[in-house]
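Report on one structure; see the data block that follows.
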There are 2 protein chains.
Amino acid sequence: MTSPPQADPSGSAAKLVRSIPEATVARLAVYLRMLGELAEQGAETVSSEELATATGVNSAKLRKDLSYIGSYGIRGVGYEVASLHHQIERTLGLDRQQAVALVGVGNLGHALAGYSGFGGRGFPVAALFDVDPDLVGIHINGIVVEHVRDIPRVCAERGVTIGMIATPGPAAQSVCDQLVRAGVQCILNFAPVVLQVPEQVEVRKVDLAVELQVLAFHVARRRAGDASDTVVAPSVANGVRDGVHVTNGSAVLPR
Amino acid sequence: MTSPPQADPSGSAAKLVRSIPEATVARLAVYLRMLGELAEQGAETVSSEELATATGVNSAKLRKDLSYIGSYGIRGVGYEVASLHHQIERTLGLDRQQAVALVGVGNLGHALAGYSGFGGRGFPVAALFDVDPDLVGIHINGIVVEHVRDIPRVCAERGVTIGMIATPGPAAQSVCDQLVRAGVQCILNFAPVVLQVPEQVEVRKVDLAVELQVLAFHVARRRAGDASDTVVAPSVANGVRDGVHVTNGSAVLPR
DNA sequence: AGCCGCTTGTGAACGCACGCACAAAGTTGC
DNA sequence: GCAACTTTGTGCGTGCGTTCACAAGCGGCT
Ligand SMILES: NC(=O)c1ccc[n+]([C@@H]2O[C@H](COP(=O)([O-])OP(=O)(O)OC[C@H]3O[C@@H](n4cnc5c(N)ncnc54)[C@H](O)[C@@H]3O)[C@@H](O)[C@H]2O)c1
Ligand SMILES: NC(=O)c1ccc[n+]([C@@H]2O[C@H](COP(=O)([O-])OP(=O)(O)OC[C@H]3O[C@@H](n4cnc5c(N)ncnc54)[C@H](O)[C@@H]3O)[C@@H](O)[C@H]2O)c1
């Protein structure tokens with residue numbers, strides 16, 4: 001709780017420090033995974049062109065992204081895979097583990113709790129919570145399900161910094177409040193509701209219904225275009241320009 | 001955009017599908033859900049301010065979003081809930097159902113297959129696929145799991161337009177290719193790989209590891225900020241509405 | 001009827017992000 | 001040691017997305 005207003009939009013002087021664009025941060029995570037794969041394959045170095053192609057981005061964009069974290073490339077050669085991997089990890093704060101608490105061990109929660117991709121990437125699932133008495137006490141992947149009322153104590157004990165909410169929508173806000181009280185700094189929300197949180201808490205939302213609806217929109221748009229059979233009308237300014245709409249991940253959504 | 005001089009203000013046909021910004025489309029889905037809830041609560045009308053607050057966006061942005069689909073508001077009053085709900089549905093192409101095929105019925109796939117939120121929102125899960133002989137043939141939520149080799153036939157029979165991939169990463173590209181051959185137009189990918197698809201196919205990716213890593217970055221940045229020195233210019237210019245960091249959903253990622 | 005208050009719809013400014021294109025910097029080959 | 005080639009890092013123009021601010025429109029009240 002430093003200073004709520006903060007009031008530094010102009011930044012100016014402080015601008016020189018690392019204010020990495022949101023979009024870049026998300027892509028860094030993608031580069032990171034590809035670098036891990038390249039390392040496994042024994043690659044020593046990789047050029048921006050190669051890495052860009054492999055991750056589906058423009059090479060200039062990739063270089064600019066990397067330039068935000070420093071100049072770790074070697075001109076005429078590329079980037080040293082191991083070194084770059086390390087630098088991105090450090091930038092994203094992955095050099096230290098972040099304990100995750102998962103609330104709501106239903107259908108989705110079970111899948112998440114058993115997913116090895118979290119612990120394997122530095123996000124060990126350190127605690128599970130639910131209200132269902134049939135679930136409290138069972139073990140999933142070696143972790144016991146605790147009652148939601150113990151969120152504060154358990155999260156504090158295990159140093160949880162990130163919470164994941166996989167409860168039904170109506171319960172999400174209440175669960176969120178408890179996680180916040182427990183000192184959780186970030187929340188990944190799977191429930192289809194807009195969470196209210198204090199300013200210092202960061203929330204990201206995974207909303208599959210929204211994903212599908214965005215896809216449905218594109219189907220509809222395509223059908224509308226194809227409808228009149230008149231193909232390839234160059235006069236159609238844009239709207240369907242370069243074909244491969246790789247507009248993936250979700251767009252920036254309300255929390 | 002696209003308002004050269006003036007020229008054709010006189011009505012003309014419904015060109016409603018004209019180039020709605022990606023970001024807007026995603027938010028329309030969020031508004032839609034909230035409108036559904038409001039309708040259930042018996043609300044007749046809602047103002048842009050109310051709807052904006054409820055969905056965590058700026059009211060001006062909301063009005064501009066809605067203006068892309070037409071002028072359905074009533075000045076001095078607001079928007080008629082039922083009417084607006086209907087218009088958004090129509091714009092997103094939700095007035096007709098989109099059959100979904102899910103490939104990979106493992107941990108995550110099971111949860112997705114059993115999720116009622118899809119069918120309830122116009123996206124019935126019409127087919128399930130896997131390669132595991134122990135899974136092929138079983139029923140989940142009344143749908144039988146078919147073998148991946150039958151993707152083309154089954155998808156064609158059931159008019160599948162959207163595919164969801166929940167297989168391990170290494171199998172994703174191959175599965176994707178088969179879905180594309182089967183005529184699927186859009187793919188929602190949960191596997192942590194970058195898919196290669198022909199231009200007419202739209203891919204969106206849900207990457208939880210990326211979500212967590214972006215959150216981790218914010219934790220790290222906050223820690224660095226608290227350590228004084230670096231001022232931490234919030235790259236998220238806005239987002240701090242109620243002081244809430246609503247930077248959610250994922251940023252635009254590579255497919 | 002006419003005025004008043006409320007809310008929409010949008011013009012305009014701003015800022016971020018993307019991608020091009022190129023100079024700088026390094027490597028390889030002779 | 002020099003020339004030719006490769007690749008990085010980035011300045012810059014462009015376009016999209018967000019926000020402000022306000023005129024226009026609508027309903028209600030007197
Ligand atoms: N299942 C999916 O594939 C899927 C997909 C997208 C979104 N979601 C969303 O994820 C959430 C969970 O979905 P699900 O299918 O796992 O539902 P579910 O009903 O199977 O599981 C919900 C779990 O939350 C627990 N719970 C309820 N209230 C709680 C509370 N106050 N505190 C703690 N735990 C509580 C329940 O006991 C249950 O175990 C829902 O919001 C759903 O919309 C699910
Ligand atoms: N479980 C999670 O919570 C979670 C979270 C995020 C991402 N993911 C990703 O989702 C994917 C699935 O995860 P999971 O935990 O369900 O894995 P899983 O191993 O439990 O399930 C994978 C399923 O895919 C099937 N499969 C394998 N190859 C196939 C092929 N060629 N064609 C069709 N089916 C095939 C397997 O038989 C299995 O049933 C993975 O890519 C994983 O990284 C999972």
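Owing to the predicted nature of the structure, the values given are computational and were not obtained by experimental measurement. Throughout, a chain's letter reflects where its sequence line sits, starting with A, and its residues are numbered from 1.
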Could you give the [atom1]-to-[atom2] distance, from [X] to [N], as a whole number of Å?
X: Tyr79(A); N: dA25(C); atom1: OH; atom2: P; result: 15 Å
X: Lys61(B); N: dG9(C); atom1: NZ; atom2: P; result: 18 Å
X: Glu22(A); N: dC16(D); atom1: CD; atom2: P; result: 22 Å
X: Glu49(A); N: dT6(D); atom1: CD; atom2: P; result: 13 Å

- Gly76(A) or Gly70(A): which one's nearest nucleotide on DNA chain D is closer to the 5' end?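 The answer here is Gly76(A).
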- Item | Nearest-nucleotide comparison on DNA chain C, the residue closer to the 5′ end among Lys64(B) and Gly73(B) |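 Going by which nucleotide is closer to the 5' end, it is Gly73(B).
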- 5'-most contact on DNA chain C: Ser47(B) or Val77(A), nearest heavy atom basis?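 Residue closer to the 5' terminus by nearest nucleotide: Ser47(B).
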- Query: Is there a donor N/O on one and an acceptor N/O on the other, under 3.5 Å, for the side chain of Arg75(A) and the base of dT7(D)?
  - Reply: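 Counting by modelled atom types and ignoring angles, no donor-acceptor contact under 3.5 Å is found here.
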- Ignoring hydrogens and geometry, is there a side-chain-to-backbone donor-acceptor pair from Gln196(A) to Gln173(A) under 3.5 Å?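 No; zero donor-acceptor contacts below 3.5 Å.
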- Out of dT10(D), dT19(D), dG26(C), which nucleotide sits closest to the side chain of Ile74(A)?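 The answer is dG26(C).
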- Message: Please determine whether side chain to side chain contact (heavy atoms under 4.5 Å, CB included) holds for the pair Tyr79(B) and Leu35(B), giving the CA-CA distance in whole Å, both sets of side-chain angles, and the decisive distance to 0.1 Å.
- Response: CA-CA 10 Å; Tyr79(B) 300 84; Leu35(B) 286 169; over 6 Å; no
- Under 3.5 Å, is there a donor-acceptor pair between the Ser59(A) and Glu49(A) side chains?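 Yes.
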